[in-house]
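Encoded as structure tokens, the structure appears first; notes follow it.
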Amino acid sequence: ITVLTDYTPTNSDGRSEVIEKCFSLIEKGEDVKFALCLLSHIWKNVDQEKTKSKFIILLDKCKPQADDIGLLFTVMVKMAENYPAPFDHKEIKKMKKLIKPFFNPQNNHSISTFLKSLITIQKGKLFETDELSKILKWVSKDPENVDNSFFSLIMLIFGKINNISNDSS
């Protein structure tokens, strides 16, 4: 992948063509890991509408293997930097649907890191307070699955909802 990214066109049209091919692979369910890996190296945010449409493709069509969920989250976080805020209810519902099959102790760290990143990107404007409350209930629903990574996510969300600054000292 590193070698491929070195040879990826730097001009906008060439890069867009490679990005389109990656999303085509994802939509077909072919070489998803390869497409996500390449996207994680070459994605450049252009306009918000294109970012949103590609983000929605990931939510709707991307079915990664369990080992590749972190790679998907990396691409989604990169894209979220230029996402038109805030996420709406449908987008968050799709996000939960995407994450749900991976919701187990082995993936808690990846899931919590992903959600923390989304919550802090764009100065926290990607989530409305009511949606954060729903996410808080969702991640804390099963106390048996709440480990340190989920606990820190819960604290972050609680702080955002209640406008409490996160003082780590």
Side-chain angles (χ1 to χ4, degrees), residues 1-2 22-23 25-27 29 31-43 45 51-52 54-169:
I1 294 297
T2 306
C22 288
F23 277 96
L25 288 172
I26 289 168
E27 287 182 282
D31 295 319
V32 173
K33 182 176 185 171
F34 170 77
L36 288 173
C37 197
L38 191 54
L39 282 171
S40 74
H41 285 83
I42 67 167
W43 178 263
N45 286 313
T51 299
K52 182 174 182 168
K54 298 303 183 193
F55 195 90
I56 298 298
I57 289 171
L58 292 179
L59 290 177
D60 289 339
K61 306 283 185 182
C62 193
K63 306 292 184 235
Q65 299 295 316
D67 294 345
D68 304 329
I69 193 69
L71 195 52
L72 172 61
F73 292 161
T74 298
V75 174
M76 292 176 80
V77 167
K78 276 187 163 190
M79 294 173 82
E81 293 171 2
N82 194 41
Y83 198 87
F87 290 123
D88 65 29
H89 177 71
K90 288 180 188 174
E91 293 159 345
I92 292 173
K93 194 173 180 178
K94 288 177 182 184
M95 222 178 288
K96 286 180 180 178
K97 184 179 177 185
L98 176 70
I99 294 170
K100 192 173 183 175
F102 304 102
F103 212 78
N104 60 50
Q106 297 94 310
N107 294 315
N108 282 0
H109 181 73
S110 294
I111 293 168
S112 65
T113 301
F114 170 63
L115 292 172
K116 284 184 213 173
S117 297
L118 290 181
I119 290 167
T120 57
I121 284 176
Q122 294 190 25
K123 299 180 183 175
K125 294 179 182 171
L126 284 175
F127 294 94
E128 299 283 346
T129 302
D130 61 325
E131 295 299 338
L132 282 175
S133 296
K134 291 174 187 172
I135 293 171
L136 178 64
K137 288 176 189 167
W138 182 58
V139 298
S140 61
K141 184 168 59 176
D142 182 8
E144 295 292 319
N145 276 334
V146 176
D147 61 2
N148 287 340
S149 59
F150 267 24
F151 185 71
S152 68
L153 171 63
I154 291 166
M155 288 179 28
L156 174 70
I157 295 171
F158 183 82
K160 289 280 185 197
I161 292 170
N162 294 292
N163 291 320
I164 300 169
S165 65
N166 188 7
D167 186 2
S168 303
S169 55

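Please read these numbers as outputs of a predicted model, since none were measured by experiment.
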N/O donor to acceptor pairs below 3.5 angstrom from side-chain atoms of residues 64-73, sequence neighbours left out:
none

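The shortest heavy-atom contact between M95 and L59 is CA-CD2, 3.8 Å. The two atoms that bring L58 and I26 nearest to each other are CD2-CD1, 3.8 Å, heavy atoms only. Closest approach of H41 to C37, counting heavy atoms only: ND1-O, 2.9 Å.
Annotation: salt bridge (charged side-chain N to carboxylate O under 4.0 Å, His left out) contacts involving residues 73-92, sequence neighbours excluded, comprise K52-E91. Counting only residues at least two apart or in different chains, side-chain hydrogen bond (donor to acceptor under 3.5 Å, both in side chains) contacts with residues 128-139 comprise H89-E131. Counting only residues at least two apart or on different chains, the side-chain hydrogen bond (donor to acceptor under 3.5 Å, both in side chains) pairs with a member in residues 114-123 are K116-S152.
Side chain of D142 to main chain of E144: a donor-acceptor pair is present (N/O by atom type, distance under 3.5 Å, no hydrogens or angles).
Residues passing the side-chain hydrogen bond (donor to acceptor under 3.5 Å, both in side chains) test with K94, sequence neighbours excluded: D60. Here N163 pairs with nothing under the side chain to side chain contact (heavy atoms under 4.5 Å, CB included) rule; sequence neighbours left out. Checked against side-chain hydrogen bond (donor to acceptor under 3.5 Å, both in side chains), K97 has no partners two or more places apart in sequence or in another chain. Remark: F150 pairs with F103 by the ring pair (Phe, Tyr, Trp, His ring centres under 6.0 Å) rule, at least two apart or across chains. Under the side-chain hydrogen bond (donor to acceptor under 3.5 Å, both in side chains) criterion, N108 pairs with D147, not counting sequence neighbours. Residues passing the side-chain hydrogen bond (donor to acceptor under 3.5 Å, both in side chains) test with K96, sequence neighbours excluded: none. Taking the salt bridge (Lys or Arg N to Asp or Glu O under 4.0 Å) definition, one finds that K54 meets it with E20, sequence neighbours left out. By the side chain to side chain contact (heavy atoms under 4.5 Å, CB included) test, N148 is found to be paired with no residue, residues two or more places apart in sequence or in another chain being considered.
Within a 6.0 Å sphere centred on CZ of F23, heavy atoms belonging to other residues, nucleotides or ligands number more than 12. Heavy atoms of other residues, nucleotides or ligands lying less than 6.0 angstrom from NZ of K61 number 12 at most.
A side-chain contact (heavy atoms from CB on, under 4.5 Å) with W43 holds for exactly one of T51, T74, L38; it is T51.
Distance CZ/F55 to CG/N82: 12.0 Å, rounded to 0.5 Å.
The shortest distance between side-chain heavy atoms of L136 and L132 does not fall below 4.5 Å. Here the side chains of L153 and V139 are in contact, with some heavy-atom distance below 4.5 Å. Looking at heavy atoms from C-beta onward, N145 lies out of side-chain contact with N104 at the 4.5 angstrom threshold.
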